[in-house]
Engineer: 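Structure below; questions to follow.
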Amino acid sequence: SKRLLLQYACCPFPYAAIMLTLKLERSTLYYIGKLHIPSIMITVLSFLPFWMDPQTGERFGVAATMLLANMALDITASQFMPVCKEFTLTNFLNFACLFYVLMAMLETAIVLYIYHQSANDWHEALFPKWLVRLVRKSKNDEYRTVAPEIEPENLSKERFLRIQQYRTVFKEMDLSGDGYIAIAEIE
């Protein structure tokens, strides 16, 4: 602090003034300890479901809990941050951690979806059944034909039974009931 005597043009006698110099700074250790380290720890813990067995029913629950914990920490951090148009380090860290937590949760969801499929090939496992049916129905009609009736005496018993099994399967797949089956599906 400094004491000054100031003379103003309007007044004949001097005025006493005290000039104070304040130096303000944020406590970086507080932000590191209360915001940055917990955010990084939550992000690291969000990768925990990678090492969990898919049969564990809590695998997706752990990922969702990590996402909620990250969001709660972000809400808490926003109360301590100044309202400004600049992008602070804490904002960048929170967005980066949220991105990694979301990617870990997405990976967990995809792994669990594929793991619990009982499909014979990867097309059936990766694509939902309604999408496969929609694509099959939208094929051009020129590539589709009505399956001809087959006389059992012209074929071996094994081939006839296999064709009957194919007919049963295709009948189940034919939701419209129009009796059309794709030639490519038969071969």
Side-chain angles (χ1 to χ4, degrees), residues 30-81 87-140 143-144 147 157-187:
Y30 177 79
Y31 286 97
I32 290 172
K34 296 289 184 182
L35 299 176
H36 296 172
I37 290 176
S39 184
I40 292 170
M41 289 174 60
I42 289 171
T43 303
V44 170
L45 285 175
S46 71
F47 292 100
L48 183 66
F50 291 162
W51 293 286
M52 294 174 73
D53 186 20
Q55 292 178 345
T56 305
E58 309 306 324
R59 186 173 176 171
F60 194 75
V62 169
T65 302
M66 292 300 126
L67 178 64
L68 291 174
N70 194 352
M71 295 302 292
L73 187 63
D74 189 30
I75 291 169
T76 304
S78 67
Q79 295 174 356
F80 296 110
M81 298 307 299
F87 197 71
T88 63
L89 174 65
T90 303
N91 290 340
F92 176 75
L93 182 68
N94 285 343
F95 284 131
C97 289
L98 179 65
F99 174 76
Y100 282 113
V101 170
L102 284 173
M103 289 298 110
M105 189 171 181
L106 179 66
E107 183 275 340
T108 300
I110 291 171
V111 166
L112 289 177
Y113 175 79
I114 293 173
Y115 180 79
H116 290 290
Q117 293 295 316
S118 58
N120 296 328
D121 62 359
W122 67 272
H123 286 102
E124 292 178 15
L126 291 180
F127 300 113
K129 292 178 184 176
W130 62 268
L131 182 62
V132 172
R133 288 186 199 123
L134 182 68
V135 169
R136 286 185 179 153
K137 287 203 176 288
S138 67
K139 285 184 180 178
N140 198 343
Y143 296 109
R144 301 174 81 81
K157 183 177 181 180
E158 179 182 313
R159 177 136 170 89
F160 178 74
L161 290 174
R162 192 167 77 192
I163 290 173
Q164 290 300 94
Q165 287 176 342
Y166 283 154
R167 285 180 182 268
T168 305
V169 169
F170 291 139
K171 193 177 208 180
E172 291 293 322
M173 293 171 58
D174 184 23
L175 295 177
S176 64
D178 59 0
Y180 289 94
I181 49 179
I183 294 172
E185 291 174 347
I186 296 173
E187 299 170 349

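All values reported here derive from a predicted model rather than from experimental measurement.
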Engineer: Taking only residues two or more places apart in sequence or in another chain, which ones pass ring pair (Phe, Tyr, Trp, His ring centres under 6.0 Å) with F92?
Structural biologist: none

Engineer: Going by side chain to side chain donor-acceptor pair (under 3.5 Å), name the residues that satisfy it together with Y115, two or more places apart in sequence or in a different chain.
Structural biologist: Q55

Engineer: When rounded to the nearest 0.5 angstrom, what is the spacing between CE in M105 and CG in L98?
Structural biologist: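 It comes to 11.0 Å.
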
Engineer: I need the M52 CE to L112 CG distance, nearest 0.5 Å.
Structural biologist: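 The CE atom of M52 sits 9.5 Å away from the CG atom of L112.
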
Engineer: Find the distance between CD1 (I42) and CG (L73) and round it off to the nearest 0.5 Å.
Structural biologist: 5.0 Å

Engineer: Do you know which two heavy atoms are closest between S46 and T43, and how far apart they sit?
Structural biologist: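 Looking at all heavy atoms of both residues, the closest pair is OG-O, 2.5 Å.
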
Engineer: Return the set of residues passing side chain to side chain donor-acceptor pair (under 3.5 Å) with S78 (not counting sequence neighbours), or none when no residue passes.
Structural biologist: none

Engineer: Quick one: which residue pairs count as a ring pair (Phe, Tyr, Trp, His ring centres under 6.0 Å) with a foot in residues 49-75, not counting sequence neighbours?
Structural biologist: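 Every ring pair (Phe, Tyr, Trp, His ring centres under 6.0 Å) pair that includes a residue of residues 49-75, provided the two are not neighbours, is F47-F50.
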
Engineer: Which residues satisfy the side chain to side chain donor-acceptor pair (under 3.5 Å) test with Y100, sequence neighbours excluded?
Structural biologist: none

Engineer: Give the minimum heavy-atom separation between R59 and P54, together with the two atoms involved.
Structural biologist: NH1-CG, 3.5 Å

Engineer: Would you please name every residue forming a ring pair (Phe, Tyr, Trp, His ring centres under 6.0 Å) with F95, sequence neighbours left out?
Structural biologist: F87

Engineer: Under the side-chain contact (heavy atoms from CB on, under 4.5 Å) rule, collect the residues that match up with N94, sequence neighbours excluded.
Structural biologist: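 So N94 forms a side-chain contact (heavy atoms from CB on, under 4.5 Å) with S39, D74, A77, T90.
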
Engineer: Please say whether more than 12 non-hydrogen atoms of neighbouring residues, nucleotides or ligands are located less than 6.0 Å from CD in E58.
Structural biologist: no

Engineer: Could you pull out the closest heavy-atom pair between G33 and P38, with the gap in Å?
Structural biologist: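 Closest approach of G33 to P38, heavy atoms only: O-CD, 3.5 Å.
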
Engineer: Applying side-chain contact (heavy atoms from CB on, under 4.5 Å), can you list everything that pairs with L68, at least two apart in sequence or on another chain?
Structural biologist: none

Engineer: Decide yes or no for H36 and L89: does some side-chain heavy atom of the first lie under 4.5 Å from some side-chain heavy atom of the second?
Structural biologist: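 Answer yes - side chains close enough.
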
Engineer: Locate the shortest heavy-atom distance separating M81 from T88; write the atom from each residue and the value.
Structural biologist: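 The pair with the smallest heavy-atom distance is CE-OG1, 3.6 Å.
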
Engineer: Using a 6.0 Å cut-off, check whether atom OH of Y113 has over 12 heavy atoms from anything other than its own residue.
Structural biologist: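 More than 12 heavy atoms, drawn from other residues, nucleotides or ligands, come within 6.0 Å of this atom.
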
Engineer: Who are the side-chain contact (heavy atoms from CB on, under 4.5 Å) partners of L48, not counting sequence neighbours?
Structural biologist: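 Applying side-chain contact (heavy atoms from CB on, under 4.5 Å) to L48 gives V62.
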
Engineer: Could you give the distance from CD1 (I32) to CG (L93), rounded to the nearest 0.5 Å?
Structural biologist: 10.5 Å

